[in-house]
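Here's the structure we're looking at; comments come further down.
All values derive from a computational prediction rather than experimental measurement.
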Amino acid sequence: MAKIEVKPLKGFPEASFEVIVIVPTITRPKVTITKDYYEKLTGGSISPQRLVEKSFEFLLAREANTSILSEFNLKVIRNYFPEYEREIS
């Protein structure tokens, strides 16, 4: 199982995070999310950090951490995995 650590870098209106993923290779992607998209996915029921963590759990179930983009907005996940919004909400 991967170890995922989410470090907030900047708050809303466009929050950013550094995500440290260890499985056994360490990667440190940077991700952003807008407040509107966060609200759409969670309705505020979980923290932005938890949403990022869940999003990485989703991604790691489908690809290696070394295949994940080094910098992206969470919204782009749906371009690669159309089921993302349905499964993460």
Could you check whether R50 pairs with E57 (Lys NZ or Arg NE/NH1/NH2 to Asp/Glu carboxylate O, under 4.0 Å)?
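Salt bridge present between R50 and E57.
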
Specify the closest pair of heavy atoms between [X] and [Y], including all atoms of both residues, with the distance to one decimal.
| X | Y | value |
| --- | --- | --- |
| E14 | N73 | OE2-ND2, 3.6 Å |
| E39 | G44 | OE1-N, 3.7 Å |
| N65 | T25 | ND2-O, 2.7 Å |
| F81 | L59 | CE1-CD2, 3.7 Å |
| L69 | P29 | O-CB, 3.5 Å |
| I20 | R28 | CD1-NH1, 3.2 Å |

Does I4 belong to the same Ile/Leu/Val/Met/Phe/Trp/Tyr cluster as V23, with side-chain heavy atoms less than 4.5 Å apart forming each link?
yes

Under a 4.5 Å side-chain heavy-atom rule over Ile, Leu, Val, Met, Phe, Trp and Tyr, are V76 and I88 clustered together?
yes

Donor-acceptor side-chain pairing of E85 and Y37 below 3.5 angstrom
yes

Test item: [X] and [Y] side chains (from C-beta on) under 4.5 Å apart, heavy atoms:
| X | Y | value |
| --- | --- | --- |
| S16 | K30 | no |
| K10 | T32 | no |
| F17 | L74 | no |
| V6 | F56 | no |
| I68 | L60 | yes |
| N79 | Y84 | no |

Could you state the interatomic distance from [atom1] ([X]) to [atom2] ([Y]), rounded to the nearest 0.5 Å?
| X | Y | atom1 | atom2 | result |
| --- | --- | --- | --- | --- |
| E5 | E53 | CD | CD | 10.0 Å |
| L41 | K75 | CG | NZ | 9.5 Å |
| S55 | F72 | OG | CZ | 7.5 Å |
| E87 | R78 | CD | CZ | 15.5 Å |
| Y80 | E63 | OH | CD | 9.0 Å |

Residues in side chain to side chain contact (heavy atoms under 4.5 Å, CB included) contact with T42, at least two apart in sequence or another chain
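Side chain to side chain contact (heavy atoms under 4.5 Å, CB included) list for T42, sorted by chain: Y38, S45, I46, L51.
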
